[in-house]
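Heads up, the thing below is written out as structure tokens.
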Amino acid sequence: MELSSYISSMYGLGPKRAEVLASEAGISTIEDLLYYFPYKYIDRSRFYSVREVTSDSSYIQLHGKIKNIRKEGNGKNARLGCIFYDETGEMELIWFKGLQYVATQLNPLKEYIVFGKPNFFNGRFSIAHPELEEYTPNNVRQCVGWQAVYNTTIKMKKSYMTSANIRKIIYNALASLNNPIKETLPQYITEPLGLMPLNRAIRNIHFPENLDSLQKAQARLKFEELFYIQLSLLKQSKFNSSKSQGLLFNHIGDNFNEFYKERLPFELTNAQKRVLKEIRADVGSGKQMNRLLQGDVGSGKTLVALLSMLMAIDNGYQACFMAPTEILATQHYNNIKKMLGEMGVNVALLTGSTKKSERKIIHESLLDGSMNILIGTHALLEDVVQFSNLGLVVIDEQHRFGVAQRAKLWSKNANPPHILVMTATPIPRTLAMTLYGDLDVSVIDELPPGRKPIKTYHYYEDKRDDLLRFIKKQIDAGHQAYVVYPLIEESEKSDMIAAEQGYEYIATHLPQFKVSMVHGRMKPSEKDAEMRKFAANETQIMVATTVIEVGVDVPNASVMVIENANRFGLSQLHQLRGRVGRGAEQSFCILLTPYKLSNDTRKRIETMVGTNDGFEIAEADMRLRGPGDIEGTAQSGLPFDLKIADLAKDGEILMLARDTAEKILKNDPTLSNKLNEILLIQLHKKSKNIIDWSKIS
Ligand code: ADP
Ligand code: MG
């Protein structure tokens with residue numbers, strides 16, 4: 001057999017099981033099968049004897065014989081039991097399910113390997129539903145040591161593809177290979193880094209020789225996985241920047257200067273200044289800018305965006321600014337209009353609810369070049385939206401947009417416009433390097449002066465009276481408050497119910513104040529109207545579901561109450577908290593939870609109470625949830641699936657992989673050196689799922 005052989009041609013694997021493996025686990029070739037990595041290992045590195053079993057033994061394995069096989073009870077209460085014994089003693093094995101099948105497997109004449117967790121019950125040790133294998137040399141080889149455990153789905157199990165059976169199939173596949181598995185990394189990389197050869201690594205990942213070999217196999221496979229991602233991303237970004245067709249913004253002009261000198265209501269923070277310099281250097285380089293701007297909530301990214309757009313306009317280009325929701329787009333539009341005042345810069349707003357007649361005018365003014373800045377939602381992506389000379393694209397809150405959408409904006413100009421992606425969800429460095437490896441990163445790591453750190457408190461639900469008193473006190477002092485409710489299930493209806501119940505509660509208990517409400521079922525115009533009322537302090541309390549999450553700016557609001565905070569993820573909590581603390585006054589965030597909390601939830605709440613630092617929170621989030629779950633990454637999509645590397649834990653390997661990739665590309669940007677042929681072949685092979693940026697930009 002070869003790696004490329006279909007598993008259906010394997011001995012002992014019928015077409016039906018092959019089909020299930022294909023549909024459930026995406027396995028169709030031997031290679032796919034060998035890259036179906038275990039998700040954990042069990043220590044079966046030795047056999048225990050019955051005498052050694054104690055009441056706190058965890059999973060152990062024994063070998064010996066069975067006797068006294070008997071069936072007891074009927075129907076639901078039926079059970080199958082037998083005595084298991086070796087030279088040192090006896091214990092019991094019990095089954096409650098699948099009795100008929102198990103009964104056919106039990107034979108007093110045979111010797112067995114038994115694996116399971118012993119219980120002490122009725123004066124003797126027993127194992128319920130043990131794994132049972134015949135004690136043959138072959139099985140001993142497969143079972144003893146660090147044993148791989150594989151993910152299986154219900155459908156797989158129904159076709160008898162349990163973890164143990166998958167292990168057997170993989171064992172057979174490895175045994176059937178005609179040749180050792182070919183190396184996928186050049187020797188000049190593997191040797192100095194001491195990486196285990198692929199053939200050994202694949203064998204050890206499934207059937208570890210010992211703990212040390214297992215760890216070396218894991219390190220090798222993780223390195224390879226991360227290395228090819230970095231190589232692909234870096235190669236592409238080098239390729240992009242080597243094309244000298246980037247639009248050149250070579251001067252700072254009247255609009256920028258007038259705004260900066262006359263209209264800026266405050267001094268820029270040093271971080272804002274630094275980022276602007278970085279952007280200026282990019283757009284003045286003659287190469288296309290692809291920059292990710294990370295900045296915690298409230299760090300003043302919008303202003304950086306506006307100043308960048310003015311640079312574009314001063315150089316004869318148009319700019320567009322895309323936000324994830326209608327509320328946000330509208331808010332940006334209003335803010336920017338207000339800040340620009342009478343400057344004579346034309347700004348338009350385009351969202352799903354822009355009227356047809358207005359749309360037509362906007363489309364025309366974009367095409368004839370009279371419209372300078374277009375702000376909007378996804379509506380900007382539509383093909384009918386065409387520019388005369390688009391020079392800069394700003395995307396706010398990146399995590400809400402997919403990579404493909406980003407690419408769509410790329411293509412709105414003959415030469416690709418400069419791209420500034422802004423995100424308020426700080427992304428841990430390792431994740432940023434993988435998700436946005438093709439982008440340069442700027443960070444605003446400083447908040448505007450005079451902000452007081454938000455104080456965060458954890459209240460249990462029985463302290464509601466205190467909470468209501470607290471809200472009242474704050475509002476009496478002239479401030480405003482948000483009260484946010486979680487979604488119970490993912491539907492607009494439940495969103496509405498949560499908000500309406502919350503509204504009832506607040507309106508009943510704080511009748512002296514006016515209350516606004518925003519939820520997912522409202523029309524954008526209704527949401528907007530409510531937001532405006534709240535922003536104008538016509539209402540003092542805003543009851544909302546998570547639609548409020550991103551970007552909304554009401555500096556007078558000083559209290560953020562989060563109901564059932566246990567139901568929110570860390571980054572969401574942090575985003576919500578960022579809605580307050582935007583003015584000079586002391587702000588508060590109150591996390592309400594029930595008494596009973598899981599360990600993870602308790603850690604989330606403690607993290608929130610303990611720090612205001614978005615990056616610290618992002619790291620904690622990744623540790624608690626794993627990178628696959630970090631908000632937004634599912635939508636954005638990693639350029640490759642990660643099969644073995646874990647971005648939360650494998651930061652060091654990632655850095656090594658990136659370093660290695662960088663060095664290689666520095667000497668050989670197109671990988672045309674004979675030594676690098678293997679890299680090109682692998683890149684090509686692995687790039688099936690990667691977006692080809694070169695085709696887009
Ligand atoms: P975010 O980075 O979350 O998008 P915004 O751009 O909405 O932050 O800015 C938050 C608030 O801070 C806004 O009210 C904005 O006007 C204000 N702001 C921005 N830059 C400064 C600055 N340098 N000094 C004082 N206030 C600022
Ligand atoms: Mg913002």
Side-chain angles (χ1 to χ4, degrees), residues 259-261 263-277 279 291-310 321-341 373 375-377 394-401 420-427 441-454 479-480 482 531 534-537 547-558 560 571-585 587 589 612-615 617-618 631-632:
F259 182 81
Y260 198 85
K261 290 190 187 123
R263 296 197 165 263
L264 202 55
F266 32 62
E267 172 93 1
L268 291 184
T269 63
N270 286 330
Q272 284 171 318
K273 286 183 192 163
R274 188 187 62 237
V275 169
L276 270 172
K277 270 194 202 134
I279 291 172
R291 188 165 283 281
L292 174 71
L293 173 55
Q294 292 197 34
D296 214 338
V297 276
S299 60
K301 295 184 293 295
T302 318
L303 204 56
V304 171
L306 178 57
L307 283 160
S308 309
M309 292 196 287
L310 292 176
F321 188 167
M322 186 160 82
T325 64
E326 187 144 357
I327 295 186
L328 267 180
T330 310
Q331 186 181 290
H332 281 319
Y333 173 76
N334 291 332
N335 274 346
I336 285 175
K337 279 254 335 162
K338 201 164 93 200
M339 284 199 270
L340 291 173
I373 295 179
I375 299 174
T377 54
V394 180
I395 306 176
D396 195 12
E397 313 293 356
Q398 156 74 15
H399 64 288
R400 293 287 174 101
F401 293 110
L420 181 64
V421 172
M422 306 199 297
T423 170
T425 310
I427 303 162
V441 178
S442 289
V443 181
I444 304 188
D445 50 5
E446 178 186 11
L447 292 180
R451 301 253 176 98
K452 294 197 177 78
I454 303 162
H479 303 305
Q480 290 163 275
Y482 293 99
M531 278 311 302
F534 186 63
N537 203 357
V547 294
I548 207 77
E549 188 189 334
V550 191
V552 176
D553 194 22
V554 180
N556 190 50
S558 68
M560 167 62 66
S571 80
Q572 231 182 346
L573 289 171
H574 181 63
Q575 288 290 318
L576 286 169
R577 178 168 63 181
R579 301 305 109 221
V580 297
R582 309 198 132 218
E585 299 295 329
S587 290
C589 173
N612 274 308
D613 181 332
F615 282 92
I617 288 170
E631 191 185 350

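A quick note: this is a predicted structure, and the numbers were derived from the prediction, not measured. Whatever order the structure lists ligands and atoms in, that order sets their numbers, starting from 1.
Between the Lys301 side chain and the Met422 main chain, no donor and acceptor come within less than 3.5 Å of each other.
Residue contacts with ligand 1, taken as heavy atom pairs separated by less than 4.0 Å, do not involve Met422 at all. Contacts between Met339 and ligand 1 below 4.0 angstrom, taking non-hydrogen atoms only, are absent altogether. At a heavy-atom distance under 4.0 Å, atoms from both the backbone and the side chain of Thr269 approach ligand 1.
Distances below 4.0 Å separate heavy atoms of Thr302 from the following atoms of ligand 1: 4 (O), 5 (P), 6 (O), 7 (O). Atoms of ligand 1 found under 4.0 Å from any heavy atom of Arg582, numbered from 1 in the order shown, are 3 (O), 7 (O), 10 (C). Remark: ligand 1 atoms within the under-4.0 Å shell around heavy atoms of Leu268 are 23 (N). The contact set between ligand 1 and Glu267, taken as ligand atoms under 4.0 Å from a residue heavy atom, comprises 22 (C), 23 (N), 24 (N). Residue Gly300 has at least one heavy-atom neighbour below 4.0 Å for each of these atoms of ligand 1: 1 (P), 2 (O), 5 (P), 6 (O), 8 (O), 9 (O), 19 (C).
Nearest heavy-atom pair, His574 versus Ile617, reported as atom, atom and distance to 0.1 Å: ND1-CD1, 3.4 Å. When all heavy atoms of Arg291 and Ser442 are compared, the pair lying nearest together is NH1-OG, 2.8 Å. Of all non-hydrogen atoms in Ser299 and Asp296, the two that sit nearest each other are OG-O, 2.7 Å. A pairwise comparison of heavy atoms in Val580 and Ile454 identifies O-CD1, 3.5 Å as the closest pair. Contact between Met339 and Phe259 at its shortest, heavy atoms only, is O-CE1, 3.6 Å. Residues Ala323 and His332 share a closest heavy-atom pair of CB-CD2, 4.0 Å.
For Lys273, the NZ atom counts as densely surrounded, since its 6.0 Å shell holds more than 12 non-hydrogen atoms of other residues, nucleotides or ligands.
At a 4.0 Å cut-off, not a single heavy atom of Pro555 sits close enough to ligand 1 to count as contact. Assignment of Gly298 to the shell around ligand 1 is supported, since a heavy atom sits closer than 4.0 Å. Contact analysis puts Arg451 in contact with ligand 1, with a non-hydrogen atom separation below 4.0 angstrom.
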